[in-house]
Amino acid sequence: MSHSRDLPASQRPASVPLFDISRQHAALDEQIQSALAAVCRSGKFVLGPECVELERDLAAYSGAKHGIACASGSDALLLALMAYDVGPGAEVICPSYTFFATASAVTRLGATPVFVDIDADTCNLDVAQLESHITPRTKAIIPVHLYGQCVEMGPLVAIARKHGLAIIEDACQAIGAKYHGVPAGALGDVGCFSFYPTKNLGAYGDGGLLTTNDDAIADKLRLLRGHGMQPRYYHRIVGINSRLDTMQAAVLKVKLPHLDAWTAARQERADRYEAWFRASGLDRLFRLPKVAADRRHVWNQYVVHVDGGRRDSLREYLAARKVGTEIYYPVPLHKQECFQYLGYADGSLPNTERAACETLALPIFPELTVAEQRAVVEEIAGYFGVQAVTDGPSEVRRAA
Ligand SMILES: *Cc1c(COP(=O)(O)O)cnc(C)c1O
């Protein structure tokens, strides 16, 4: 199914993209086109039958009772907070090292995000620091399963239950990820997913989904995404307009059966990076991503930590050699201009601030070829002045 053929070991690809969605879609083109054409003929463009089927299929995939489709991952977060009546005066605990939407959902409702530092190894919220941030105003916690690896949910859930706090999982990068065998989206009270094209299950545009096991919250989420309207033109609560287009659901329904194979391909590529970096001794020159115990990591991103101020020069070196990289994220949320009013001092979240200077995401996607991966490792070895070893076993570790 691989779209671009692997080159002989001696032949380096002209460039290695960070991500290339077109390869995945090329293989499914006919199926997707006919699914889209069927929606056009049906005329049911918003929350049509394909949306309802997708809600059911993704709830099952995530081990949750209910799936509620919406317009984006950002809206999923907003709707989840609305469902728990988060508003002015409330505090919501979340990491600062995440995509903006995690915290803007909180501030849009007039509530205050309270940032907790991350664990230096996984870049996920450090659960050991959680409890000291809880106040009488705390209403919810948003654990973000960053890069595709679940937060340490066992102790987090225990703390949340003890204090009566809602757990809203930001699983936008983590569809199919697991913690002790339980899927992301079924670990807390509500799970939030995104179908933005760069996510592991990407649409042909924006899309999102909420999961929950709570019947009352599911009903409230369905109301909230449709202006609180039930029946038509009778508004029980003030909601928003955040619905999924049937076209997006149709695309996602074609792609979902392939998700586990794509995840396995991502895991294989993560294993290969690790084997080759170790064989080349590069694991002593920068830090490889760590998979915590009892996790199924789905590798939305493969992120290394390069210290000593060399991250940016490595990135420039790779860019000059046409190897795509990205920084997730260069500015933590507590240092964003729009959140200065929250009053966080420099150095207040040391692991977060350090990660922002050290993280570098390397190309990883299911269709990334062996030759492309070899080129990435060789260029990085070139930067550090070591010999790349890329002919050993390509798998050192099978992900759970
Ligand atoms: C992508 C993402 C979002 C937002 O999803 P959109 O669908 O782009 O609105 C939220 N949180 C995290 C961690 C994300 O990666």
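The analysis underlying the following values was restricted to heavy atoms, covering all of them including side chains, and did not include hydrogens, waters or symmetry mates. First listed ligand is number 1; within each ligand, the first listed atom is number 1.
- Cation-pi contact between Arg232 and Tyr234: absent, since separation from the ring centre below 6.0 Å together with deviation from the ring axis within 45° is not met.
- Proximity of Val144 to ligand 1, defined as any heavy-atom pair under 4.0 Å, is confined to the side chain (atoms from C-beta onward).
- Protein heavy atom nearest atom 11 (N) of ligand 1, with residue, atom name and distance: Asp170 OD2, 2.8 Å.
- Under a hydrophobic clustering in which Ile, Leu, Val, Met, Phe, Trp and Tyr are joined whenever their side-chain heavy atoms come within less than 4.5 Å, directly or via other members, Val298 and Val304 fall into different clusters.
- Annotation: atom 7 (O) of ligand 1 to nearest protein heavy atom, Ser194 OG, 2.6 Å.
- No donor-acceptor pair under 3.5 Å is formed between the side chain of Thr325 and the backbone N or O of Leu360.
- Of the protein's heavy atoms, Ser74 OG, 2.5 Å lies nearest to atom 9 (O) of ligand 1.
- Lys199 counts as a contact of ligand 1, since one of its heavy atoms falls under 4.0 Å from the ligand.
- When heavy-atom distances to ligand 1 are checked against a 4.0 Å cut-off, Ser72 comes that close through both its backbone and its side chain.
- Polar contact with ligand 1: absent for Asp206 (N/O pair, distance under 3.5 Å).
- Some N or O of Gly73 is nearer than 3.5 Å to an N or O of ligand 1, by distance alone.
- In this structure, Lys335 pairs ionically with Asp346, as a charged nitrogen and a carboxylate oxygen lie closer than 4.0 Å.
- Residues Leu210 and Met229 fall into different hydrophobic clusters, defined by Ile, Leu, Val, Met, Phe, Trp and Tyr side chains chained together at heavy-atom separations under 4.5 Å.
- Using a cutoff of 4.0 Å between basic side-chain nitrogens and carboxylate oxygens, Lys44 and Glu50 are not scored as salt-bridged.
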